[in-house]
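Notes follow the structure.
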Number of protein chains: 2
Amino acid sequence: MPDTTERRPYHHGNLRTDLLDAAERGLRAHGAERLSLRDLARDVGVSHAAPRRHFADRRALLDALAESGFVRLGERLRTAVNEIGDEGDLPARLHAFASAYVRFATENAALIGLMNSSKHRPGATAVAEAAAAAFGQISDLIQDGQERGELEGDDPEETGLVIYATVLGITSMLNSGMVEPARLEGLVGTAVTQFLRGARPAEPR
Amino acid sequence: MPDTTERRPYHHGNLRTDLLDAAERGLRAHGAERLSLRDLARDVGVSHAAPRRHFADRRALLDALAESGFVRLGERLRTAVNEIGDEGDLPARLHAFASAYVRFATENAALIGLMNSSKHRPGATAVAEAAAAAFGQISDLIQDGQERGELEGDDPEETGLVIYATVLGITSMLNSGMVEPARLEGLVGTAVTQFLRGARPAEPR
DNA sequence: ACAACAATGTTGCCAGTGTCTACTCTCGCG
DNA sequence: CGCGAGAGTAGACACTGGCAACATTGTTGT
């Protein structure tokens with residue numbers, strides 16, 4: 001009878017990604033606060049000090065998690081907007097953007113909380129860049145609309161920032177329990193239409 | 001020579017409030033994550049298990065902190081709006097509201113983060129109520145505007161929620177470093193005017 | 001082929017922490 | 001006056017993050 005005790009190799013192979021996966025599961029299950037490096041090490045089947053080779057710090061692990069979150073969020077937003085069609089009307093694309101953001105945020109509540117709360121340590125430019133990339137898309141959208149005359153306004157980045165902030169705020173209120181999930185759809189709807197009403201070019205008298 | 005070792009009484013007197021004060025200082029200094037009950041106990045000069053008589057849990061302490069934050073925020077918002085004058089024009093009052101919120105949030109960055117991230121435990125109705133009280137003011141403002149015909153729209157609570165979310169989102173982006181402090185003024189300005197443009201009654205053709 | 005070396009994991013340790021239980025002190029009330 | 005409830009103390013336990021010293025493996029230059 002062969003030995004059933006699985007003999008793991010000394011080198012795990014891809015500890016880093018496995019740790020991140022386990023971390024994300026833990027995040028989803030118990031929140032970021034009680035996410036312990038030692039626990040993750042146990043989950044992956046590795047000694048308690050092993051993670052240190054890949055993450056200098058608990059904070060570093062969380063930052064990496066946040067960064068990967070921003071990357072995936074960015075992808076989701078991009079595909080959501082693109083699915084509408086390249087020359088689709090702006091309102092639809094805006095709504096798709098906001099809707100996709102909110103969906104991502106509800107499906108990954110703890111992760112989004114981590115992303116926003118993460119006061120990334122001084123050197124962590126990676127997470128900031130990923131966030132900027134995700135956010136930048138809306139500025140492009142706005143600029144597009146302005147160039148085509150569908151929108152009025154001056155600074156596309158500034159207005160984009162405001163929209164992004166609105167959606168972010170909505171999900172934040174949702175995740176902290178200030179508003180019930182059932183109201184989500186309605187909220188993003190009024191937010192987007194409110195914005196569009198405010199940004200449309202003045203009708204000729 | 002008299003004994004200089006201050007003889008503290010066995011009963012501290014008002015441990016609870018002193019702990020909260022110390023906690024707020026710690027919050028401001030080091031953030032919520034590294035806020036240790038034992039540390040607070042030391043600060044106040046009391047044994048490490050004493051806080052337990054007043055806060056069942058670390059979480060309970062944080063919740064109490066968040067609640068007090070909402071109460072104070074509510075007061076600040078109220079006075080800010082009232083200072084404009086009882087019959088003052090709506091744009092000015094809205095701007096005052098948003099401005100006061102943002103100011104509070106920047107002056108108490110860590111606290112506001114705690115307030116928003118605090119997924120208050122099941123029983124904690126107190127913090128939710130305090131939050132609702134703070135937020136409710138904007139709904140009243142909107143409703144007022146609608147009744148006087150200065151604003152168009154249907155559900156005042158819903159639009160109030162959207163505005164609140166916008167301001168909340170702006171401060172969140174600020175505190176997480178996605179936007180520089182210098183842009184704050186401009187952002188709340190465009191947010192408010194954007195909203196007002198969208199919510200004003202249609203001009204007669 | 002092989003020695004040196006850099007990566008990657010492991011064990012052991014330390015200072016802290018939150019929480020629990022049992023004990024002690026003090027004040028106020030019958 | 002005594003005594004019980006409230007408020008603070010002391011000790012223990014399981015756990016955590018971080019560090020240092022050691023072990024094992026993959027790689028690479030010669």
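Just so we're clear, the structure is a prediction, and the values are computed from it rather than from any experiment. To find a chain, count down the sequence lines: A is the first, B the second, and so on, and within it residues start at 1.
- The number of heavy atoms from other shown groups lying within 6.0 Å of CD (B:Glu185) does not exceed 12.
- Going from atom CG of B:Leu40 over to atom P of C:dG16 covers 16 Å, rounded to whole Å.
- With rounding to whole Å, A:Phe55 atom CZ is found 16 Å from C:dA7 atom C1'.
- Proximity of the aromatic rings of A:Tyr164 and A:Tyr101 is defined here by a centroid distance below 6.0 angstrom, and this criterion is met.
- Contact record, A:Asn175 with A:Ala109: OD1-CB, 3.6 Å, taken as the closest heavy-atom pair.
- Applying the 4.0 Å criterion to OP1 and OP2 of C:dG9, one finds that A:His54 has a side-chain N or O inside that range.
- Distance, A:Arg58 CZ to D:dC15 P: 17 Å, rounded to whole Å.
- The distance between atom NE2 of B:His30 and atom P of C:dG16, rounded to the nearest whole Å, is 14 Å.
- Nearest nucleotide to the B:His48 side chain, out of D:dT16, D:dA12, C:dG9: D:dA12.
- Side-chain contact of A:Arg28 with A:Asn108: a donor-acceptor pair under 3.5 Å is present, judged by distance alone.
- Atom CG of A:Leu37 is separated from atom P of D:dG17 by 5 Å (rounded to the nearest Å).
- Using a 4.0 Å heavy-atom distance criterion, B:Arg42 is classed as a sugar-phosphate-only contact.
- Nearest nucleotide to the side chain of A:Leu15, out of D:dA20, C:dG9, C:dG18: C:dG9.
- With hydrogens and angles left out, the side chain of A:Arg16 and the base of C:dT8 share no donor-acceptor pair within 3.5 Å.
- In this structure, A:Asp57 atom CG and D:dT16 atom P are separated by 16 Å, rounded to whole Å.
- Two residues, B:Arg53 and A:Ser47, neighbour DNA chain C, and the one matched to the more 5' nucleotide by heavy-atom proximity is A:Ser47.
- Taking 3.5 Å as the limit, the base of C:dG18 and the side chain of B:Arg38 contain a donor-acceptor pair of atoms between them.
- Rounded to whole Å, atom C1' of D:dA7 lies 13 Å from atom CG of B:Asn14.
- Environment of CD in B:Glu33: sparse, with no more than 12 heavy atoms of neighbouring residues, nucleotides or ligands closer than 6.0 Å.
- Here C:dT11 presents its P atom at 17 Å from CZ of A:Arg52, a figure rounded to the nearest Å.
- Listed pair A:Ser36 / D:dC15 fails the phosphate criterion, with no side-chain N or O lying under 4.0 Å from OP1 or OP2.
- Residue A:Leu35 is classed as a sugar-phosphate contact, given heavy-atom separations below 4.0 Å to backbone atoms only.
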